[in-house]
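Here the structure is laid out as structure tokens; the discussion comes afterwards.
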Amino acid sequence: MLVSMPVPSDFPRRIVCLTDETTEVLYLLGEQDRIVGVSGYATRPPEARSKPRVSAFKNAKFEAILALNPDLVLTFSDVQAEITRQLVLRGATVLNFNQRSIAEILDMIAVLSRLVNTADAGWALIANLQSGLNAIAASAQKFSRRPRVFFEEWKDPLISGIRWVEELIAIAGGEILFPELAACGKAQDRVVDPSVVAERNPDVIIASWCGMKVNKAFIRSRPGWASTSAVCNGHIYEIKSTYILQPGPASLTEGVRQIHAILARVAGVEVAPQLRPQEKLDPQLLLKSS
């Protein structure tokens, strides 16, 4: 008996994305019709919010996911290890990405594009992202100095930036405050003593508190921080998590542009119109100290 077999491009046809970055990549590849479910935090592009939302970041609605009859579920890192495990135990096919650097983000895009049979579009997207990063790096060469930057991923315990963020700060024209921690993938390995931050005297503090609104008064009130250049000169800023703590296209486009715009402002350099963030840099975004 002859059995009709699907062509390779038919798999996967029903994908559930439990983090924002894989959702955005599939949209950028023109493969959004394959997505049947997303994370509750999915915001890019805005149309993604019309898809069924079946998870937070650390927990998921397993029965809701399985009811979508996915042939593939995409998860991220050790943070979603238990979600991955539970889905596998329930019979789902799961691919867990674990990108922590710019190079690994680009690798993720390459793998995902091949998986949905759009390798050429994937390479074009990667080339476009690399071109944008090169343009930012070239613009940063205009700075007369590289401001020292502390990126605050969480407030208590105080956590410094993950690798892709620190790499983007360097590309955007900054000098990272804790280069020895940049390669540490897990948050607990990037916990820093607030007094050491004060001793290293950042020129700029950029905070992104994993979805929580940044409290600049709290940052200024830390013992010893009032005398840092960042606090003295009012250079405390916020970047929304969706733009910088998402290890995908958002960080490599809007995220790095916002960092570059902040550092250019500190350095007194004008940013070319084509390199400016899409979200206007205003007091609500920058939270500049007064």
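We use all heavy atoms of the structure for the numbers below, so side chains are in, but hydrogens, waters and symmetry mates are not.
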Exercise for the section: Decide yes or no for Lys155 and Met212: does some side-chain heavy atom of the first lie under 4.5 Å from some side-chain heavy atom of the second? Expected result: yes
Practice task
Could you tell me whether Asp203 and Arg265 make a salt bridge, using a distance below 4.0 angstrom between a side-chain N and a carboxylate O?
Solution key: no
Problem - Whether over 12 other heavy atoms sit under 6.0 Å from Tyr41 OH - result: no
Problem - Residues Arg44, Glu24; criterion salt bridge (Lys or Arg N to Asp or Glu O under 4.0 Å); working and verdict - result: CA-CA 6 Å; Arg44 292 175 62 91; Glu24 184 175 12; 3.0 Å; yes
Fill in the blank from the handout: Between Ile206 and the options Ile239, Val214, Ile236, the side chain to side chain contact (heavy atoms under 4.5 Å, CB included) test singles out Ile239
Practice task
Take Ile205 and Tyr237 through the test side-chain contact (heavy atoms from CB on, under 4.5 Å) and record every step on the way to the result.
Solution key: CA-CA 6 Å; Ile205 297 168; Tyr237 303 96; over 6 Å; no
Practice task
Examine distances only and state if a side-chain atom of Arg100 and a backbone atom of Gly185 form a donor-acceptor pair shorter than 3.5 Å.
Solution key: yes
Exercise for the section: Please test Arg49 against Asp20 for salt bridge (Lys or Arg N to Asp or Glu O under 4.0 Å), starting from the C-alpha separation and ending with a verdict. Expected result: CA-CA 11 Å; Arg49 297 193 67 79; Asp20 207 4; over 6 Å; no
Exercise for the section: Could you check if a side-chain atom of Leu72 sits within less than 4.5 angstrom of a side-chain atom of Leu95, using non-hydrogen atoms only? Expected result: yes
Exercise for the section: Salt-bridge test for Arg148 and Glu199: reply yes if a basic N is under 4.0 Å from a carboxylate O, no otherwise. Expected result: no
Problem - SB check Glu82 Arg85 (cutoff 4.0 Å) - result: yes
Practice task
Might you point out which heavy atoms bring Leu245 and Pro247 nearest each other, and give the distance in Å?
Solution key: O-CD, 3.6 Å
Practice task
Using a strict 4.0 Å threshold on nitrogen-to-oxygen distance, state whether Lys240 and Glu254 make a salt bridge.
Solution key: no
Practice task
Sequence neighbours left out, what passes side-chain contact (heavy atoms from CB on, under 4.5 Å) with Gln141? Give chain and number order.
Solution key: none
Exercise for the section: Indicate yes or no: at least one non-hydrogen side-chain atom of Phe76 is less than 4.5 angstrom from one of Glu21. Expected result: yes
Handout entry: side-chain contact (heavy atoms from CB on, under 4.5 Å) evaluation trace for Val256 with Leu133
Key = CA-CA 8 Å; Val256 72; Leu133 293 175; 4.0 Å; yes
Problem - Shortest non-hydrogen contact from Val149 toward Gly174 - result: CG2-CA, 4.1 Å
Practice task
Using a 4.5 Å cut-off on heavy atoms from C-beta on, say whether the side chain of Thr84 contacts that of Leu18.
Solution key: no
Exercise for the section: Run through Ile169, Ile162, Leu168 and flag the one making a side chain to side chain contact (heavy atoms under 4.5 Å, CB included) with Ile244. Expected result: Leu168
Exercise for the section: Treat each ILVMFWY residue as a node, draw an edge where side-chain heavy atoms are under 4.5 Å apart, and state whether Tyr27 and Tyr243 are in one component. Expected result: yes
Practice task
Check whether any side-chain N or O of Arg53 sits under 3.5 Å from a backbone N or O of Ser39 as a donor-acceptor pair, and report yes or no.
Solution key: no
Practice task
Take atom CH2 of Trp123 as the centre, draw a 6.0 Å sphere, and report whether it contains more than 12 heavy atoms from other residues, nucleotides or ligands.
Solution key: no
Handout entry: Phe178 six-ring face occupied by Arg190 cation (under 6.0 Å, within 45°)
Key = no
Handout entry: Gln188 CD: over 12 foreign heavy atoms closer than 6.0 Å
Key = yes
Practice task
Report yes if the side chains of Asn96 and Asp78 come closer than 4.5 Å at any heavy-atom pair, otherwise no.
Solution key: no
Exercise for the section: Indicate yes or no: at least one non-hydrogen side-chain atom of Gln246 is less than 4.5 angstrom from one of Ser241. Expected result: no
Exercise for the section: Could you state whether Val116 and Ile126 fall into the same hydrophobic cluster, counting links through intermediate Ile, Leu, Val, Met, Phe, Trp or Tyr residues with side-chain heavy atoms under 4.5 angstrom apart? Expected result: yes
Handout entry: Arg220 (side chain) donor-acceptor with Trp225 (main chain) under 3.5 angstrom
Key = no
Exercise for the section: Verify the neighbour count for atom CD of Glu47: are there more than 12 heavy atoms of other residues, nucleotides or ligands below 6.0 Å? Expected result: yes
Problem - Spacing of Thr22 atom OG1 and Ile35 atom CD1 [to the nearest 0.5 Å] - result: 7.5 Å
Handout entry: Cluster link Val16 to Leu66, ILVMFWY, side chain under 4.5 Å
Key = no
Exercise for the section: Return yes if some donor-acceptor pair links the side-chain N/O of Asp156 with the main-chain N/O of Leu158 below 3.5 Å, else return no. Expected result: no
Practice task
Show your working on side-chain contact (heavy atoms from CB on, under 4.5 Å) between Val25 and Leu28 and close with a plain yes or no.
Solution key: CA-CA 5 Å; Val25 170; Leu28 290 171; 5.5 Å; no
Handout entry: Atom pair CD1 (Ile159) and NZ (Lys186), whose distance is rounded to the nearest 0.5 Å
Key = 13.5 Å
Problem - Closest non-hydrogen atom pair between Arg14 and Leu68, with its separation - result: NH2-O, 2.7 Å
Exercise for the section: Show the numbers, then the answer: is there a side-chain contact (heavy atoms from CB on, under 4.5 Å) between Glu153 and Phe151? Expected result: CA-CA 6 Å; Glu153 189 175 305; Phe151 185 90; 4.2 Å; yes
Problem - Check ion pair Arg34-Glu31 (N to O, under 4.0 angstrom) - result: yes
Handout entry: Whether over 12 other heavy atoms sit under 6.0 Å from Lys61 NZ
Key = no
Practice task
Identify the heavy atoms of Ala207 and Ile219 that sit nearest to each other, and give their distance.
Solution key: CB-CD1, 4.1 Å
Exercise for the section: Would you mind reporting whether Trp164 and Ser251 have side-chain heavy atoms less than 4.5 Å apart? Expected result: yes
Problem - Check: His235 ring centre within less than 6.0 Å of Phe150 ring centre - result: no
Practice task
Find out whether Arg114 and Val111 are in side-chain contact, i.e. whether some heavy atom of one side chain is under 4.5 Å from a heavy atom of the other.
Solution key: yes
